[in-house]
Amino acid sequence: MKLLLIEDEKALATSIQNYFQRENFICEWVADYESAIDKINIYKYDCVLVDIMLPDGDGLDAVRELKKKSPETGIIIISAKNSLDDRIEGLNLGSDDYLTKPFHLSELNARVQAVIRRRSFQGNQQIRFGKINIEPQEHFVAVDGQEIILTRKEYDLLIYLIANKNRVLTKESIAEHLWGDDADLMDNFDFIYTHIKNLRKKLMDKGCPDYLRSIYGVGYKFSEQ
Amino acid sequence: MKLLLQILRYQLVTSMIVLFLGAGLFYVSVRYLIDREANKELFQSQVKVRWQLKHLETLPVYILQLGDSLQIQPVRYPGHMLLRETSMLNLAENQYQPYRQLIFYERALGQWYRITISKLLLQRQRLLETVVMTITFIVALLLVSMLLLNSWLSTRLWKPFYKTLGKLDAYQIQHHETLEFEREETLEFDQLNQAVTHLTQRVTSAYQNLKEFTENAAHEIQTPLAVILSKIEGLFQDETLTESQLVTLSSVSEAANRLGRLNQALLLLTKIENRQFLAGTDPVNLVPIINGKLRDLEDLIVQRKIGIQTELDPIGLVIHPALAEILVNNLLTNAIRHNVENGKIIITLQQGKFCVKNTGKALNLNPEQLFERFRKESTSSASLGLGLALVKTICEVNGQKLTYDIDNEWHILTVSW
């Protein structure tokens, strides 16, 4: 998978690049509008991450240019602006998602994977992890071919865990992924624990090994070891 | 009261006073002239009468008896000459009329005579009538002409003013427009229009600056926060960290997260206060928003075993849809956060009223402080303390009223419009 990151803040760009490189993605980075346009004109990407505010131009123009050059590329806008107008304009221009800074890298990762999955028309939209098999279009989850009925939140949680496999996930990032702006309603994170417990039980009941490891004081890690 | 009507009032009062004073002056001066003329004539007659009396012996007596206007009476002693006014019966018209009389004494043939010359002052009587009539006519004419002038003025001369007023009335700062006007002939209106144009230019640029500042502040703070969070997340993946280091890192991450949310909530609050959300034009039906939100919060409601009871009429208030979402969201989350285990929430939506009732612990703070920013019941809660402040601001900006009541264990928040 090939990503292009258009972001003027070097420190943030490096973190994002490192994160995706660990996922075995090729992540190229440009810091300004000019070089972004150059890259878009020469190469093809699976997904482009655009910061709207660039030192020498408007990121939305880059989105327009990209839509013209290669309409099949997924686009995620990352912006410090949470203004409704920009959000609506960005989505109207054909970007797939809009993420407001600050965000969790694990959240960005999950969204990038979702965009790429939606955009791959080769039919290979299945998600596989160990014994788990998911067909996202039908919200179908199976372990060793046996279907598991999950609630909406449990399903979202599973997708998020698999997208960020082999990584430590903080409780806040999980809470924010599942409840969005309502995450601060959780006075403690017992709540996530309930969902994790239920999900783990449903998976293990069907003979799935326990992939989920709890990291004391931080959160969880989903991995095959 | 209309400005023109007020001006008209003063104009009328002033012109009445001036007219009546003028009429009085006119009357006095004309009367003085008439009196002077009458006196002159009387003195001329006196000269004639004197001459005639000097030649009394050669003249027939009847000449001297001229009825009312000239009377000669023999008297024993002479008196002072007297010029006076009196009222006498005019036989010709059979009514009392004013006369001017000159009485003097003259000696003829050794006998003193008192001679009275009278002059009818008919002109003067006519004068009063004429003056009153003329003044009445002028007043009536003035009134009519002023009314006509005013209505003409208000439709013609004041037209640019009403045009400016209409434009100002329809002015909406969110549209970033400056009001431009055509040149007017009337200097004052032209100045007014220029002043309005300059004012709107300044206001628009100030508004633009403020908006840009808020947006920039968001950008400038959010970006470093994003850097902090991403670096922390990177660190979490480091397998060599000890447990205590991870715990410390985790609290740093929590604080940074909180800062981010706080910044966003404050920005939102500022935006609403700056009225950067356009005013709603159509009523927004709150029912789907409420139901959607309840679905989102389902887990929480079930976990805390809260019973929800709804009574919703499909109506809503005129508001920006995004603000409606925030309003409903904050009221419902507030009702859940401050609820007790096995508690209850009753949501009612009726014409003009949206009411959220929830069971909860007794309030430690003054109900009036409830809507203040950063007012929280417990410092440990994850709440930012901005939820109700946001609801309050939304209501203020939109012209709704937010009230809080407490009824035993029930806390009742009502939005009325």
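The only option from B:V227, B:L229, B:I228 that meets the side chain to side chain contact (heavy atoms under 4.5 Å, CB included) definition with A:P102 turns out to be B:L229.
Contact check for B:E254 versus A:T170: no side-chain heavy atoms found under the 4.5 Å cut-off. At a threshold of 4.5 Å between non-hydrogen side-chain atoms, the residues A:S15 and B:E233 do not count as touching. Looking at heavy atoms from C-beta onward, B:Q303 lies in side-chain contact with A:T194 at the 4.5 angstrom threshold. When side chains are defined from C-beta on, A:V168 does not count as touching B:E239, because their heavy atoms never get closer than 4.5 Å. Side-chain contact between A:T100 and B:Q264: present, with at least one pair of heavy atoms (C-beta onward) separated by less than 4.5 Å. Using a 4.5 Å heavy-atom threshold, the side chains of B:L246 and A:I215 count as touching.
Contact record, A:A11 with B:K231: O-NZ, 3.1 Å, taken as the closest heavy-atom pair. Residues A:K153 and B:D296 come closest through the heavy atom pair NZ-O, 4.0 Å.
Taken to the nearest 0.5 Å, the CG atom of A:D8 stands 7.0 Å off from the OG1 atom of B:T223. To the nearest 0.5 Å, the span separating OG on B:S230 from CD on A:Q17 amounts to 12.0 Å. A:R152 CZ to B:E298 CD: the interatomic distance, rounded to the nearest 0.5 Å, is 8.0 Å. Taken to the nearest 0.5 Å, the NZ atom of A:K221 stands 12.5 Å off from the CZ atom of B:F236. Separation of atoms CG (B:L297) and CH2 (A:W179) is listed at 11.0 Å; rounding is to 0.5 Å.
For the set B:A256, B:S251, B:S250, B:G387, the entry with the most heavy-atom pairs within less than 4.5 Å of chain A is B:S250.
Sparse packing is recorded around CZ of A:R213, with 12 or fewer heavy atoms of other residues, nucleotides or ligands lying under 6.0 Å away. Shown here is A:K2, whose NZ atom has more than 12 heavy atoms of other residues, nucleotides or ligands within 6.0 Å.
Residue B:Q245 does not touch chain A at all, counting heavy-atom pairs closer than 4.5 Å. Heavy atoms closer than 4.5 Å to chain B are found nowhere in A:I78, neither backbone nor side chain. A:S173 does not touch chain B: none of its heavy atoms, backbone or side chain, sits under 4.5 Å away.
Note on A:E176 versus B:R261: salt bridge recorded, some NZ/NE/NH1/NH2 to OD/OE distance being below 4.0 Å.
Listed by chain and residue number, A:K201 satisfy the side-chain contact (heavy atoms from CB on, under 4.5 Å) test with A:D205 (two or more places apart in sequence, or in another chain). By the side-chain contact (heavy atoms from CB on, under 4.5 Å) test, A:R22 pairs with A:R167, B:Q237, sequence neighbours left out.
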